[in-house]
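Input: a single structure, listed below in structure tokens.
Quick note: numbers below take in every heavy atom, side chains included, and nothing from hydrogens, waters or symmetry partners.
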There are 4 protein chains.
Amino acid sequence: MRILVSNDDGYLAPGIRALADGLAEIAEVIVVAPDRDRSGASNSLTLDAPLRATLGENGFYRVEGTPTDCVHLGITGLLEEEPDMVVSGVNGGANLGDDVIYSGTVAAAMEGRFLGLPAIAVSLTSAEPGHFDTAAWVARRLVTRLMEDPLPADTILNVNVPNLPRSQITGFEATRLGHRHRAEPVIKGADPRGRPIYWVGPAGESQDAGPGTDFHAIAQGAVSITPIQVDLTRYEALDKVAGWLRRIPNP
Amino acid sequence: MRILVSNDDGYLAPGIRALADGLAEIAEVIVVAPDRDRSGASNSLTLDAPLRATLGENGFYRVEGTPTDCVHLGITGLLEEEPDMVVSGVNGGANLGDDVIYSGTVAAAMEGRFLGLPAIAVSLTSAEPGHFDTAAWVARRLVTRLMEDPLPADTILNVNVPNLPRSQITGFEATRLGHRHRAEPVIKGADPRGRPIYWVGPAGESQDAGPGTDFHAIAQGAVSITPIQVDLTRYEALDKVAGWLRRIPNP
Amino acid sequence: MRILVSNDDGYLAPGIRALADGLAEIAEVIVVAPDRDRSGASNSLTLDAPLRATLGENGFYRVEGTPTDCVHLGITGLLEEEPDMVVSGVNGGANLGDDVIYSGTVAAAMEGRFLGLPAIAVSLTSAEPGHFDTAAWVARRLVTRLMEDPLPADTILNVNVPNLPRSQITGFEATRLGHRHRAEPVIKGADPRGRPIYWVGPAGESQDAGPGTDFHAIAQGAVSITPIQVDLTRYEALDKVAGWLRRIPNP
Amino acid sequence: MRILVSNDDGYLAPGIRALADGLAEIAEVIVVAPDRDRSGASNSLTLDAPLRATLGENGFYRVEGTPTDCVHLGITGLLEEEPDMVVSGVNGGANLGDDVIYSGTVAAAMEGRFLGLPAIAVSLTSAEPGHFDTAAWVARRLVTRLMEDPLPADTILNVNVPNLPRSQITGFEATRLGHRHRAEPVIKGADPRGRPIYWVGPAGESQDAGPGTDFHAIAQGAVSITPIQVDLTRYEALDKVAGWLRRIPNP
């Protein structure tokens with residue numbers, strides 16, 4: 001079992017070191033990760049400039065690129081042998097609810113899936129995360145389970161781990177993504193030269209966070225595991241849209 | 001009706017000019033768009049630096065940021081009055097099948113949806129697009145239809161328009177996203193100083209492109225209209241994952 | 001006479017338009033300029049990524065690169081015929097005293113000189129510059145003078161123009177660069193997520209600004225013209241350093 | 001003696017580690033360096049975005065910014081106590097002749113000088129540098145010499161060290177900057193999508209490289225030490241330009 005590890009916090013982040021060390025106990029691990037923090041990169045892919053990869057002192061490849069670039073490069077050309085799985089993280093901070101669409105951690109897993117591999121994204125849910133060892137242990141358990149009993153190849157898992165000692169984790173729960181209230185407005189200010197600037201404000205409070213959601217599992221001290229899809233078609237709306245379109249006169 | 005227009009090709013691209021002009025016939029149009037080409041930006045959102053917006057000579061706001069930044073800024077603070085709808089595009093090039101996950105054009109529409117507005121993404125399907133007027137006309141028809149008969153607020157439409165004169169468009173079709181074969185490998189080369197570089201290679205050929213898909217509609221000369229979702233939960237896998245997890249011994 | 005025009009405020013800045021229009025009365029003008037504001041870029045040159053040049057709607061080439069990149073690309077490969085001179089500007093804001101070392105406007109002229117061409121950098125000295133026509137007229141006068149009576153090829157001129165109507169300009173003065181007091185400290189703050197940030201503070205007040213300096217000429221309403229060198233050797237210190245080194249025991 | 005160390009190869013480069021270790025034997029050393037390779041950054045200073053500094057695992061501050069940003073931030077606000085001197089390097093590659101104007105290594109030293117401190121830039125002259133220990137030893141000797149016998153405060157030293165074992169260094173030589181022939185043209189190519197790209201080509205061959213120049217000292221196996229100035233006025237041309245201007249009719 002050869003596992004490609006990436007993240008969006010950069011190749012020097014404590015979370016990726018913990019993940020790589022944790023998985024090295026059960027598999028061969030290769031790390032290809034951004035050279036710096038790329039949080040919020042989503043699935044962005046670099047098409048207009050070439051990528052470079054450098055083998056760092058810590059044995060990790062660092063790439064001047066996004067998480068998606070790293071996984072794409074790792075699977076389709078950088079490495080001599082193709083990996084069997086992609087694990088992304090451990091992100092320092094939650095990837096819950098609507099936020100997953102912005103996440104570079106989840107995007108790295110999605111890119112593994114697009115290229116045909118099973119993939120897991122792992123995040124530690126705290127603004128000041130400390131228990132990376134708990135998250136690494138969770139990742140090892142899930143990979144071990146996948147090795148004995150694979151899920152369908154098109155299933156990505158978005159895993160969030162409470163920032164707790166392992167002994168305080170209450171269980172593993174399959175969840176759906178919750179939803180947040182609308183984001184707070186941008187924060188307007190001025191730079192020292194008097195020109196207006198705008199900072200993106202905080203995410204909204206959780207709105208749909210009841211039982212069954214990822215928010216709820218975390219609040220209960222459980223590991224939240226959400227199956228994620230990469231086909232964005234809203235199938236249940238197809239018929240309605242087809243009917244709606246019929247009222248447009250043909251060109 | 002006040003429409004916020006954005007794109008990922010940059011505020012000077014011919015497609016956004018055509019779209020803004022086309023929609024100005026039926027609504028008030030405000031353009032907030034990236035200051036340069038941001039194709040492939042996906043849903044990336046700038047959290048670690050402030051944004052700036054400048055009103056350009058052409059009456060469009062340009063932002064040093066991503067498409068998502070533009071829509072977020074436009075709705076939550078830059079504009080005095082909040083828009084009623086977001087229309088993104090016209091992208092110079094298709095956004096079909098698996099590629100939508102990377103698209104800044106689609107991401108701009110998604111961000112509108114996250115902030116509570118109906119949203120449409122419009123692309124012209126050619127590497128050398130010319131018939132932006134056709135795409136602008138399609139956008140105007142869809143917006144007009146939405147004004148008389150709104151869709152549920154959580155429905156984003158991903159619209160692809162064949163690069164043809166309006167008279168050759170064969171119809172409007174509700175579609176699902178098709179799928180591509182795996183992407184081609186990265187292309188390895190060297191810069192003039194002899195250091196290795198890697199270019200992301202071409203997308204794979206279309207694999208699932210039969211009747212009902214967006215690829216198929218375009219091939220028939222029809223406008224492809226795919227309802228898109230922003231909740232990435234793979235609901236149909238929830239039970240299976242729950243069962244699968246039960247076999248992990250509790251912590 | 002074929003003149004390559006560039007700047008550091010970007011190809012859409014009002015100053016470069018005024019300069020190109022002004023010089024077009026006496027020479028063939030080709031504009032190759034950054035696609036966006038690159039103030040403060042100094043002489044930075046892009047070695048680790050390829051450059052791209054796009055011919056914009058306004059007839060100017062825009063480059064995703066620095067002012068130095070633009071001039072380097074314009075002279076050594078982009079244009080079919082090599083230009084005879086480089087004129088950079090009109091910068092919106094002064095380039096006086098110690099600040100010239102940071103200036104992309106001056107750097108663009110330096111790059112022209114490195115590649116064998118006479119070169120002029122033109123700036124309008126106001127934080128809210130308006131009289132670009134005055135600066136364009138000054139540029140035209142200097143270029144006309146150079147055409148009838150060239151200066152030695154290794155002479156770059158750094159020109160600062162008071163932000164005044166042409167009729168209020170009191171003359172042309174050859175000046176040396178003045179000096180500023182030390183810069184103000186960085187301004188410490190926090191981003192909305194509570195993390196510390198630092199903004200570079202204002203430049204220091206002028207310290208050496210008496211008669212003969214560029215600061216003084218501008219204060220008198222005169223155009224300041226400083227010959228600039230690109231050989232950074234401090235010749236007058238060579239003997240002293242040689243003596244000083246003699247006291248280091250040989251390896 | 002408190003020394004601020006920076007560079008342009010990034011805070012993880014082997015040269016800065018060798019320099020910091022070497023100087024730590026004789027002084028207190030604080031490292032503030034770019035978070036990644038910023039070669040070619042020249043004196044560029046970041047005015048339009050805030051800077052951030054992070055204390056890395058190796059005890060070095062890393063900044064998302066240029067070498068000039070690092071020194072500016074280090075001296076004017078990041079550090080509790082102001083340093084007494086700036087030493088920049090050891091750069092992996094030469095900074096000789098006309099190239100110093102592009103160098104971030106030399107710019108870091110210049111910024112120290114602008115802020116009132118003595119400053120040295122140290123480079124190892126090989127495209128595949130190995131003898132960083134030789135360069136660190138040279139830096140230590142020069143700093144020791146400065147501590148016992150300071151040079152005038154406005155003297156920056158640009159030091160280039162042959163890539164040789166210490167025992168093969170033939171001496172220390174005070175030099176002037178040599179000159180190169182004009183740079184090679186840009187190298188035109190195409191990206192995988194068929195769009196034209198241009199790479200900046202190699203620097204020109206050395207043209208003025210005789211005795212007394214930095215090129216010559218290096219070729220003889222000696223350490224080259226060039227005093228550098230930051231006042232770019234070309235004093236010897238002032239009279240000629242004044243006369244030349246007199247022939248321009250007053251406004």
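Both the backbone and the side chain of A:Leu47 come within contact range of chain D, each with at least one heavy atom under 4.5 Å from a heavy atom of that chain. In this structure, chain A has no heavy atom under 4.5 Å from any part of D:Glu64.
For residues 11-27 of chain A, heavy-atom neighbours of chain D at less than 4.5 Å comprise A:Tyr11, A:Leu12, sorted by residue number. When the heavy atoms of residues 107-115 of chain A are compared with those of chain D, none of the residues falls under 4.5 Å.
D:Asp35 approaches A:Arg36 most closely through the heavy-atom pair OD2-CD, 3.7 Å.
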